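One structure is given here, and the rest of the page talks about it.
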Amino acid sequence: MLDTLLINIGQLLTMNHGEKPLKGEAMGRLPRIENGAVGIKDGRFAFVGSMEEAKQLKAEKVVDCMGRIVSPGLIDPHTHVVFGGSREHEISLKLQGVPYLEILKRGGGIYSTVQATKQLSVEELKRKAKGHLDRMLSYGVTTAEAKSGYGLDRKTEWKQLQVIQMLQQEHPIDLVPTFLGAHALPKEYEGNAAAFLQSMIQILPELKGMAEFVDIFCETGVFTVEEARAYLQKAKQFGFHVKMHADEIHSIGGTEAAVELGAASADHLCGASEKGIEMLAASDTIAVLLPGTTFYLNKDRYAKARSLITAGAAVALATDFNPGSCPTENIQLIMSLALLKLKMTPEEIWNAVTVNAAHAIHRGSSAGQIQVGRFADAVLWDAHHYAYIPYHFGVNHAGTVWKHGKVVYQRGEEACA
Ligand SMILES: O=C(O)CC1=NCN=C1
Ligand SMILES: [Zn+2]
């Protein structure tokens, strides 16, 4: 007897591609079962197949999906979800055309969030982050990366990672922690990036078990490629996997360095060079694209998704949710921006927010696919075709979200009988 049986699924997006990230043209394939059914038992998928094959199955609870689509729970592999305060007070500067990096240089931006984060207790930070995670869950996200980076000192970076660890226990979304202490150079270290990065390296040993990845903001006016390379080399020596905010605003060769370091992912890539794109295509580093940030920073130069996919790279999508350069938890909006601005196809987009997004945070073998034996993380959508989600933008299409087989979000009345 199953616990739950989902029937009459118009399109069951299993994403059953095997155990590797999808590269190049493989991203254009979307394994699915028309008129499918999914059985859940003890928190895991116990049956995945057609209605014909499911005829004899019995369950405590049957959900008639009435021809709608079911997908794996979505993965958001790049978020700055733990932070204090907000930055709407900077909107007037944005409207005057003051660039993001200039606001940072003037002591705003990341620095203003650092101040706000330092003022919150662990409990206050946790409560605030929980609200953001609840919203991500409502959009269909069941696994997400969560970065620190709003402390730039041992005490506050630790506090953020502690909040992430507590939320991993208390919130349905599975969180993957990243240490981003190298997010910006504190004013007290002005002109001495090496000393600051050394101070971050010194705390790495005590962060084992608190963070899986180490990340750095490699950008003009923040940390150079050489500083980033040396810093992440050290992080690898301490046993961390690495990621990089690379070529987000300026093309300074961060992409190449990330690939040379064997980074799990290189993120942003708006300014990735042709060489960087080729290196990504020939590597295991996932290209994580964040079109919401390009949109919100009012930039014209989006990451070259078509060149990346044509070259054979593995592309993932993420919100980059943060209070400054992308204040939205809405992964479905990112799917629409990927369609409209990155020119990705619906099939590529769905693979980029499931299978490849999972691999970008080393969860490819446990998240992003509907497969017998895996945890039952799934979304029932108020749509009958998978292209409808990126096509109909700006609204929430998630009807019901399951995490480990339990309903963790339901919009209004039951989306289906
Ligand atoms: O501005 C922020 O708070 C987040 C960010 N880090 C690097 N780019 C954006
Ligand atoms: Zn970011």
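Numbering starts at 1 and runs along the sequence shown. Predicted model only: the values in this text are computed from it and were never measured. First listed ligand is number 1; within each ligand, the first listed atom is number 1.
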Return the option from Tyr150, Phe321, Tyr100, Tyr111 holding the heavy atom at the smallest distance from atom 5 (C) of ligand 1.
Tyr100
Is Ile110 in contact with ligand 1, taking contact as a heavy-atom separation below 4.0 Å?
yes
For His183, the ligand 1 atoms whose distance to one of its heavy atoms is below 4.0 Å
4 (C), 5 (C), 6 (N), 7 (C)
So, are Glu348 and Arg29 salt-bridged, with charged N and O less than 4.0 Å apart?
no
Does Phe321 form a ring-ring contact (aromatic ring centres under 6.0 Å, His included) with His132? I'd like the steps, not just the answer.
CA-CA 9 Å; Phe321 173 59; His132 296 309; 4.8 Å; yes
Relative to each other, are the rings of Tyr388 and His392 parallel, tilted or perpendicular (30° and 60° limits)?
perpendicular
Cationic tip of Lys236 above Tyr231 ring, under 6.0 Å, 45° of axis
no
Is Arg68 paired with Asp382 through a side-chain N to carboxylate O contact shorter than 4.0 Å?
yes
Taking the Zn ion (ligand 2) as the center, what protein N, O or S atoms are found at less than 2.8 Å?
His78 NE2, His80 NE2, His245 NE2, Asp320 OD1
What orientation do His80 and His183 show, parallel under 30°, tilted 30 to 60°, or perpendicular over 60°?
parallel
Please lay out, stage by stage, how Lys126 and Glu124 fare under the test salt bridge (Lys or Arg N to Asp or Glu O under 4.0 Å).
CA-CA 5 Å; Lys126 187 178 79 167; Glu124 289 165 333; over 6 Å; no
Between Arg87 and ligand 1, does any nitrogen or oxygen pair lie at a separation below 3.5 Å?
yes
Aromatic Phe375 / basic Lys403 pairing, under 6.0 angstrom, 45° off normal
no
Quick one: does Glu248 get an N or O within less than 3.5 Å of an N or O on ligand 1?
yes
